[in-house]
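Accompanying notes for the structure given below.
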Amino acid sequence: MLFYSFFKSLVGKDVVVELKNDLSPGDTRSAHATGLWENVFSYLEDVDKGIQEHSESYLSICGTLHSVDQYLNIKLTDISVTDPEKYPHMLSVKNCFIRGSVVRYVQLPADEVDTQLLQDAARKEALQQKQ
Amino acid sequence: MDECGLAEMAEEDEEIDIYNNETFGMDMDTEVVDTEGDPTNPLFQFGEKPPALPALPSLSPSSPPFSPRARPQLRVQGPPGRRGRGQRGGQAMAQMFEDPAVVRTVEGRPSLQSLDSAIVDVGSVSYWDDLDPDAWMLSSYERTRHASGSVLQDPAIVCVMDSHAPGRGPNYLDSHYPFSNSSGRRGGLRGSYSNRPFGQRCPSQINTMLPSSPIVSRRPFTTQQPYNQVGGLPSPRPCPSTPQPLTPKMMQLRFGANSPRPSPFYSPSSNRVQRFRFPGPVTQLHPQHRRLLSQRQQRSQRKPDSWDPYCNLMSAKEKEWIIRLQMIQLQSENPHLDDYYYQEYYRRMEAKLAEEELGMRGKREPPKLTTPYVTKMDSYTPVVHIEGSLGQVAVSTCFSPRRAINAVAAHCPHEELKDIRQQRLDVLKKIEKLFMVLLEVEEGQRMKAQVLGEGEEKGLMEKTEIKVEYIYSQLQHPDLEAEEEFLPCLLVSKGKQLLARLLPFLSHDAALKVLSMVTSHLPVLMSRDSDESLPVLYPSLRIVIGGMTFSQLIGVLKDFTASLPDSSDGSVCLSLVCQSKFGLSLLYALLSQGERLLSSDVPLEPSIGDFETWTDTVFLVASQLSQSALVEPLLLPSNLLTLFCRYLDKRTIHQLKSNMESATGYLALPS
């Protein structure tokens, strides 16, 4: 419940949600289908490409966090896409519901995050799981 | 039948149609649906086969009159959300209900498929006996308008949850089972609850996903209810047949047949902009959060109602069902633990705002997140090591969202570095373990604030003391000298945080020891404070300074004027201090405490040479401060200039004052 509790505190704040766009053949999730070693080598190639290049190729939606549930599904309002030229179909979308499993990153306002409290919450959660 | 009777019946039929529309989305259509042979027809899902239906008259006003009969005793059996079929089948259904043959047929146990599986099983028979068979005939609008409320404040839901004692399941074979007496409609609870006072309910349309816009409710969510719901539910209104409340663990959700449909406690909103209400207890918004969101909403413009043609695709009942499902999963016996971050975050914010209001400081609005411009990196280091981290940092790539953190460095070219890293790792691991203990100490402190018996409080205090002593002893490195025992911990930012939080629990002597350690190793700490985490110690140390005697103060001040080992000039340390926010603030705090002690009537009981040391220190500090470029301190005490005025000439004071003011940006007025 840690992430849910954390995201609840961000309701009403502006966030940027980056989605998992596609499953390319080199993705490790498809390793079983295409062969393990092939994917290991292609993974190593992609490591060299760097994070940013891949970040730019994924859909990022900026909006106000309207609500979140225990599955970390997210509702955003007043959304805008960071790359509208690449995703013109999103221009008319005002609000959206994003399934939690397709979220890659959520960029948060730094001022709204209490890292010390987050650490404490993580410790409590770890302690709870141990018990 | 006379025209008045016809008109009445027509009106009733319209009301039935409206009700059906709202509940089941069935459209009203004059076309008679031939349900015979239709496998999806709920009528066929009972044990008995219904008789062939005669041709039914239409319900148009010009139709031949039929004898007024008792209101149908049936519950409408349409599946939810099928808006398309509604109109077509609704009138036919209404007509069929008039037929005694049909009435007899459906008067039995409904099958699971015929009912909405989301209906929670009441498990109580007598519950239905209280229903008013006439109540359901109220206009659905009237009914729903009055019946608003949160999901868990609705007595139906609460009753449902209360009633799940072991062994008290629904008995479908019980002839007294309420289905036959259900007044011919599903959700027989509606009637009995529609007359409940409006104020006892919350506004409609609860969303289990926390909303960002808690609209101003007609009646505010019961603020009298404690935010931290013990057991995760408000005290339920006792169900007529189930007086004893149950804890969330005992509450079990059973979906099944004969489960009553919950009351429609909110009307289908004519406002197409979706209004989100406060969710239930576990996901209830903190009052502070609610205030912030309502302020934000007031600032934002409202969109026109008709801007989104796809609003309200789901019926209110469907939304309610899903909300209920999700909210039940979120029930918790210990919301303080399960929802720790959220509760603690807003509690702190509330405390901070209250403090600011008292201090008349201006409120700062949280900055709006702007989409960051992501610059392309020229080089990419696949393995990043950040100082102070446990091994490698998890660097994410598109094919490997998160690498496993390698807690142990596999290969290190230099043995010395390996040793240093290993030592650092050990210190960090120890700090983490001590943090766990500290959290228990803080939790104990929080519980102590609650009402406890004397014995319990004493036991709690003893446990707290033992834990604090344990942490304190663990922080002292065994291999180091007495003066350096806390140093490994203080060199790590996490260790500073730990000490800062531990200081309020330490005895005065122990805290003084920590302060002496800090001041005596200040140059080292300042030089190694790359992430500027030293200021975290300031608030706790300031409190310790406030409790020092004059002699203790002199001893600590000597550390500030002490020379570095490789320097002959005693002012080198001071010059370093002037460049550090933490160091300068600590120095100011010490001088302010000295001035406060000298100005007060409390007997100082100084040791021999204390006053001379004090005077020398003041002169030395004043000359250093007037010459060096000062950084802005964390806090500038108001009695500092008064202290300097006592010992220094006007010119020096003037220079000092301008130097301090230029650093802080505001006047350093003497008290």
Side-chain angles (χ1 to χ4, degrees), chain A residues 1-2 4-6 8-9 11-16 24 26-28 39 42-43 46-58 60 62 64-70 73 75 77-78 80 82 94-95 104-105 107-109 111-112 114 116-121 123-128, chain B residues 207-213 276 279 283 285-286 289 292-293 296-297 300 303 307-308 326 329-330 332 337-346 348-349 366-372 374-380 382 395-401 432 435-436 439-440 442-443 494 497 501 536:
Chain A
M1 296 289 283
L2 170 62
Y4 175 56
S5 182
F6 172 61
K8 271 199 302 185
S9 71
V11 165
K13 310 291 187 303
D14 291 335
V15 297
V16 179
S24 61
D27 191 274
T28 51
N39 287 293
S42 81
Y43 157 73
D46 286 314
V47 161
D48 293 336
K49 286 179 191 172
I51 300 171
Q52 297 306 329
E53 187 179 305
H54 289 278
S55 291
E56 286 169 358
S57 67
Y58 293 102
S60 290
C62 179
T64 305
L65 183 63
H66 181 274
S67 49
V68 63
D69 66 6
Q70 67 267 43
N73 298 323
K75 274 190 196 172
T77 56
D78 296 328
S80 60
T82 50
K94 299 296 173 199
N95 307 319
R104 182 184 301 272
Y105 302 121
Q107 295 178 31
L108 313 166
D111 293 342
E112 303 295 342
D114 187 341
Q116 183 241 317
L117 186 58
L118 201 54
Q119 286 180 18
D120 285 345
R123 288 177 186 122
K124 280 186 180 269
E125 184 107 336
L127 201 60
Q128 248 186 318
Chain B
N207 196 353
T208 204
M209 297 177 72
L210 283 190
S212 68
S213 57
F276 292 98
T283 56
L285 285 178
H286 193 277
H289 195 184
L292 286 169
L293 291 175
R296 188 194 174 101
Q297 200 209 1
S300 65
K303 302 234 184 256
W307 72 278
D308 186 359
Q326 288 198 312
Q329 292 173 40
L330 291 170
S332 163
L337 206 58
D338 292 332
D339 200 22
Y340 176 74
Y341 182 90
Y342 179 77
Q343 293 196 19
E344 193 60 24
Y345 182 83
Y346 279 99
R348 289 185 188 186
M349 184 186 283
K368 195 177 169 72
L369 177 74
T370 52
T371 308
V374 176
T375 54
K376 191 166 180 173
M377 280 170 52
D378 293 328
S379 65
Y380 168 59
V395 174
S396 301
T397 65
C398 57
F399 296 105
S400 170
E432 267 307 314
F435 252 117
M436 297 288 205
L439 284 173
E440 289 172 14
E442 286 174 347
E443 184 67 23
K494 217 181 256 189
Q497 288 172 19
R501 286 166 67 171
V536 77

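Residue numbering restarts at 1 for every chain, and letters A, B, ... go by the order of the sequence lines.
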* **Under 4.5 Å from a heavy atom of chain A, the part of B/Tyr346 involved** => side chain
* To do: Without swapping roles, check the side chain of B/His289 against the backbone of A/Val11 for a donor-acceptor pair under 3.5 Å.
  =>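 Yes, the answer is positive, given that a donor and an acceptor are paired below the 3.5 Å cut-off.
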* Asked: Quick check: does any side chain N or O of B/Tyr341 sit under 3.5 Å from a backbone N or O of A/Lys8, one acting as donor and the other as acceptor?
  ->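 Answer holds: no.
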How many angstroms lie between atom [atom1] of [X] and atom [atom2] of [Y], to the nearest 0.5 angstrom?
{"X": "B/Arg501", "Y": "A/Asp120", "atom1": "CZ", "atom2": "CG", "result": "4.0 Å"}
{"X": "A/Lys124", "Y": "B/Glu344", "atom1": "NZ", "atom2": "CD", "result": "8.0 Å"}
{"X": "A/Lys13", "Y": "B/Leu292", "atom1": "NZ", "atom2": "CG", "result": "6.0 Å"}
{"X": "A/Leu117", "Y": "B/Arg348", "atom1": "CG", "atom2": "CZ", "result": "4.5 Å"}
{"X": "B/Tyr340", "Y": "A/Leu2", "atom1": "OH", "atom2": "CG", "result": "11.0 Å"}
{"X": "B/Glu440", "Y": "A/Arg123", "atom1": "CD", "atom2": "CZ", "result": "13.0 Å"}

* Work out which heavy atom in A/Gln70 is nearest to a heavy atom in B/Gln326; give both atom names and the distance. =>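 In terms of heavy atoms, the two residues are closest at NE2-O, 3.5 Å.
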* Closest heavy-atom contact between B/Asp338 and A/Ser5? -> O-CB, 4.2 Å
* Asked: For A/Gln128, is it the side chain, the backbone, both, or neither that has a heavy atom closer than 4.5 Å to a heavy atom of chain B?
  -> side chain
